[in-house]
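Read through the structure below, which is laid out as structure tokens, and then see the notes.
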Amino acid sequence: MKLPKIYEPNLYENDIYALWEKSEAFAPKYRGSKNYYSQVMPPPNANANLHIGYTLVVALEDIAARYHRMKGDATLLLPGADHAGFETQSVYEKHLAKTGKSRFDFNRDELYQQIWDFVALNRGNFDNQLRAMGASCDWSRYTFTLDEKIIKRAYSTFKKMWDEKLIYRGERLVNFCTFHGTGFADIEVEYKEEQSKLWHIKYPLTDGSGEVVIATTRPETMLGDTAVAIHPKDGRYKQLVGKTIKLPLTQREIPIIADNFVDMKFGTGAVKITPAHDPNDFDMAQRHDLPMISVIDHEGKLTHDVPMPYRSLDAEQARKIIVNDLKDLELLDKEEDYTHNVGHCYKCGTVIQPLLREQWFVDMQPLAKTAIAVLRANKIIFHPTTKKTQLINYLKGLKDWNISRQIAWGIPIPAFQNIEDPDDWIFDERVEEVSIEVNGKIYRRDSDVFDTWFSSSSWPYASLGYPKEPDFKEFYPLSLMETGGEILYPWVSRMIMLGLYITGEVPFKEVYIHGYVMAENGAKMSKSTGNVVDPLPVIKQYGSDALRMGIVAGRSPGVNRGYDQRKVEDARNFANKLWNVARFIEDKVGDNFKAKTNPKPKTSADYWILYKLQHLTDQVGAYIEQYRFSEAYDLVYHTLWDDFADWYIEASKSQPNNEILAYGLDIILRVTHPFAPFVTETIWQTLNGEGDSLLITSPWPKVTDIDTQKAKEFEQIKALVSEIRYIKGTVHLRDNLRLYHKGEVFLNQHGTLIKKLAQIEDIQEVRDGYGLHLTSVPFACWLDIDQETAHSFLEQLKSRLVDQKKLVERLETRLANKAYTKNAPKELIEETRTQLEEAKELGSKLYNEYERFSGST
RNA sequence: GGGUGAUUAGCUCAGUUGGCUAGAGCAUCUCGUUUACACCGAGAGGGUCGGGGGUUCGAGUCCCUCAUCACCCACCA
């Protein structure tokens, strides 16, 4: 079968992927190695289209997986999708809104079913996109985060924590979005800087002896104040401790307390304490045993615990009215402009209200402690390494984790409450029931669901079927967890903690954190800005391989970088180059392409290319094992293009060796396959004709020992040819150029090749002659350029001569430095000596040429 | 307030424990249709490696410091 002139990815990609799938090439299988290599892919939101960032995820994971598969390791790349609880529910709510409905029109069970159907409708996109990107993942092991095994695992984990008292139910401050009606973990709150006011309010002492001025950004919460705090060493106030304040606008009396937390320098040095609506105040209330009064409810309105005129007001509205009322009472001391950070719901932008709610919490201390110890002991290797330190710092300051969410789309919490005794909670997995009877008592199900991260923290072992499934026994701990920096804290940290807690082992041996794919101008991609790049049109235009390589090229771990279309184009050109190399070789070797394992090198070019290919196979493998993808790709790119195509194939046109051509292509196809799976497999299938061999499962190549001395001969030919090309280009000579020499064996031997590569008329042995001598090789030879033409080369000669002199000087100073000869490694000094010799020789040749031509001006 | 990363050619970026005259792609300029490829070939120009100190025989690379940008964490009301 003949390869057409241009590689058109669209014509082949689908068929090639189908071929891999049909051949079960993605199933893990030991092929000559005893090692396994396993990754579970970070599950993207099942409901959304994959954005270009996920192409990077796929590319990185798939390159590593394909490499290890070819190494013979049993390789598992497990695909999955995430129900993405709150994310998906808010998408669905927007969808509902279009039909004029809202979540309040349905109960939670109804909503759950509706969202399930909604997600099922959209899920196909995800599968197809992953295929289009060439992910060699095992679809038979596809896992959804609401699969039975994942839910059961969440329940077992919850139960174990419950039994071991790591789970507790408590009334704590939670970050509450009054629009979505749910609480969030600390990490989900988005802080934004806002212009606001700092109000100074006079709080009169009960005994009438004066007043204390407090400063606040949230005057509406004063109705819930239960104390005023000052610093114990503050001379202005310390005599007031123990006295009480008559809280304005209310009839309540509240104490003045002393606490080290208070910053004397901020505001007035006196701070109102509202335990039910501020985390720091909450902590202080616990220390001083203060009452907590909720004055804002879950809808963001003032509660019935505030004086009549303020009840049911919107918090924002209440603020204005209260400030006005204080003004009227002449209790407002002053207003200052003030800029501070305010927490917002990351989805709708509503200001987050800290509210007192009963929720389930996980005591993170013991889990974090174990994780820190494991990280410190380097049981998990991080790429880049700095992420480890960041993670340890995060774990050190970790607070308890609120795992309750008041939404429908998620895993119901398997806890039931005695309807007659609110403190009596039991664990039970019958979550499909609203209420159950146990020991004659009626228990009602907690209507909340788990935070998505609670179940996904078990992903590495739950998706492998912990504890009994063979996959778990075979592939755990995972070889690599590849993921983005934004989920280092919410996900990676928790996978490590829960992995250690449940399985007693680290969940993965290495972590690779990729940077974000930013928009081309470096800004963050977001739907609202409209600068999101959709991978599918890019794949259609340039091919899947081009996108994969283009997005990996020049990218290092943990660093954000813009999407660069030029790199994709370049990669497309690379795929086409490979295609045409294959066409050329197909033409020479014929259709029955079968590369010999040990081809016989004949020419110095043969030895040279084998040497290059040996370096390629060894080094690319080493790079991938160190997860240095960009450098690996770079080496593949330049070996194919510069070495194999531009030098070896060109040389082969005058000294063909079909065995080596076929062998070289074979090696290059294998080594390129992890990066460009489609084009390499397409070529492989076309050239192998009827054969049933697949490149994807072919072994990674190994080139045996090469005679490097012979390889070096070709380096000399390259140097000679390059110099001739340079001179030709500079003096604008094209035709009829001859190279003369006085009986150099080397030039006689390689004359035909040099003639061909340098595009000159002839190479001749002569007795004597006159012309421009070449300086880059240790042979006496010259181009038959006349005096006048050679003159135009004088400038070049001069600048090269100057450079050469500088180099000689630099090397001489270095060697004259006794500290250098004393301290530097011997090989390096030896190298410097050789270098100096060569530099001197080249210098004198340049000098001679320069003298001869300048003298005759 | 704390932390991390970035700052290298016109643009986008590589550059592993310090060691050949600092690299790539794109862009620019000059040639070129030669047994595959114009999504091509040959050649060229272009960099005080953000500033300033220091350690070292030797620093783009290590240390200190400053500046600018980005992100993350914290949240003193």
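So that the names make sense, note that chain A is the first sequence line, chain B the second, and so on, each numbered from 1.
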Pairing partner (Watson-Crick or G-U wobble, both distances under 3.5 angstrom) of [N]:
| N | answer |
| --- | --- |
| rU34(B) | none |
| rU48(B) | none |
| rC26(B) | rG10(B) |
| rC71(B) | rG3(B) |
| rC62(B) | rG54(B) |

Rounded to the Å, how far apart are [X] [atom1] and [N] [atom2]?
| X | N | atom1 | atom2 | result |
| --- | --- | --- | --- | --- |
| Lys728(A) | rU34(B) | NZ | P | 13 Å |
| Arg561(A) | rG5(B) | CZ | C1' | 15 Å |
| Gln390(A) | rG2(B) | CD | C1' | 12 Å |
| Glu569(A) | rU12(B) | CD | C1' | 13 Å |
| Arg628(A) | rG23(B) | CZ | C1' | 15 Å |
| Asp634(A) | rC26(B) | CG | P | 12 Å |
| Asp642(A) | rA24(B) | CG | P | 9 Å |
| Glu830(A) | rC20(B) | CD | C1' | 14 Å |

Exercise. Indicate the atoms forming the closest heavy-atom contact of Gly515(A) with Arg555(A), along with that distance.
Key: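 That would be O-NH1, 4.5 Å.
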How would you label the contact of [X] with the nucleic acid (heavy atoms, under 4.0 Å): base, sugar-phosphate, or nothing?
| X | result |
| --- | --- |
| Ala645(A) | base |
| Arg583(A) | sugar-phosphate |
| Lys272(A) | nothing |
| Ile6(A) | base |
| Gly562(A) | sugar-phosphate |
| Lys265(A) | nothing |
| Tyr394(A) | nothing |
| Asp646(A) | sugar-phosphate |
| Thr385(A) | nothing |
| Lys805(A) | nothing |
| Phe644(A) | nothing |

Nearest-neighbour nucleotide for the [X] side chain, [options] considered:
| X | options | answer |
| --- | --- | --- |
| Tyr726(A) | rC37(B), rA14(B), rG43(B) | rG43(B) |
| Lys577(A) | rG5(B), rA36(B), rC71(B) | rA36(B) |
| Ser556(A) | rU21(B), rC72(B), rA14(B) | rA14(B) |
| Tyr191(A) | rC75(B), rG15(B), rG19(B) | rC75(B) |
| Pro825(A) | rA77(B), rA42(B), rG19(B) | rG19(B) |
| Arg566(A) | rG15(B), rU12(B), rA24(B) | rU12(B) |
| His340(A) | rA14(B), rA77(B), rC37(B) | rA77(B) |
| Val271(A) | rU12(B), rA77(B), rC20(B) | rA77(B) |
| Val581(A) | rA14(B), rA36(B), rU21(B) | rA36(B) |
| Glu650(A) | rC39(B), rC13(B), rC37(B) | rC37(B) |

N/O (side chain, [X]) to phosphate O (OP1/OP2, [N]) under 4.0 Å:
| X | N | answer |
| --- | --- | --- |
| Tyr516(A) | rA70(B) | no |
| Thr386(A) | rU4(B) | no |
| Asn823(A) | rC57(B) | yes |
| Trp641(A) | rG41(B) | yes |
| Lys5(A) | rC37(B) | yes |
| Arg725(A) | rG43(B) | yes |
| Asn341(A) | rA74(B) | no |
| Arg814(A) | rU21(B) | yes |

Self-check item: Tyr7(A) versus Asn580(A), side-chain donor and acceptor atoms under 3.5 Å
Solution: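 No donor-acceptor contact under 3.5 Å links the two side chains.
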Quiz item: In terms of side-chain heavy atoms, does Asn817(A) have a donor or acceptor partner in Arg814(A) at a distance below 3.5 Å?
Solution: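 No donor-acceptor contact under 3.5 Å links the two side chains.
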Please give the distance between the [atom1] atoms of [N] and [M] as a whole number of Å.
| N | M | atom1 | value |
| --- | --- | --- | --- |
| rC39(B) | rU68(B) | C1' | 39 Å |
| rG45(B) | rU16(B) | P | 26 Å |
| rC71(B) | rU30(B) | P | 42 Å |
| rA9(B) | rG46(B) | P | 14 Å |
| rU17(B) | rG5(B) | P | 15 Å |
| rA42(B) | rA36(B) | P | 14 Å |

Practice problem: First locate atom OG of Ser196(A), then atom CD of Glu336(A), and finally report the distance between them rounded to the nearest 0.5 Å. | Solution: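 Rounded to the nearest 0.5 Å, the OG-CD separation comes to 11.5 Å.
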Self-check item: Presence of salt bridge, Lys265(A) and Asp263(A), under 4.0 angstrom
Solution: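 Salt bridge flag = no for Lys265(A) with Asp263(A).
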Quiz item: Is any side-chain N of the basic residue among Arg800(A) and Glu795(A) closer than 4.0 Å to the acidic one's carboxylate O?
Solution: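 No salt bridge links Arg800(A) with Glu795(A).
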Verify the ring-centre separation between [Y] and [X]: is it less than 6.0 angstrom?
| X | Y | result |
| --- | --- | --- |
| Phe675(A) | Phe629(A) | no |
| Tyr12(A) | Trp579(A) | yes |
| His340(A) | Tyr338(A) | yes |

Quiz prompt | Contact nearer the 5' end of RNA chain B, comparing Asp587(A) with Ala839(A) | solution =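 Taking each residue's closest nucleotide, the earlier one in sequence belongs to Ala839(A).
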Practice problem: Starting from the 5' end of RNA chain B, give me the residue, Thr268(A) or Tyr637(A), whose nearest nucleotide shows up first. | Solution: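 The residue closer to the strand's 5' end, by nearest nucleotide, is Tyr637(A).
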Quiz prompt | Reference residue Tyr637(A); test side-chain hydrogen bond (donor to acceptor under 3.5 Å, both in side chains); the match among Asp642(A), Asp570(A), Thr672(A) | solution =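 The single option meeting the side-chain hydrogen bond (donor to acceptor under 3.5 Å, both in side chains) with Tyr637(A) is Asp570(A).
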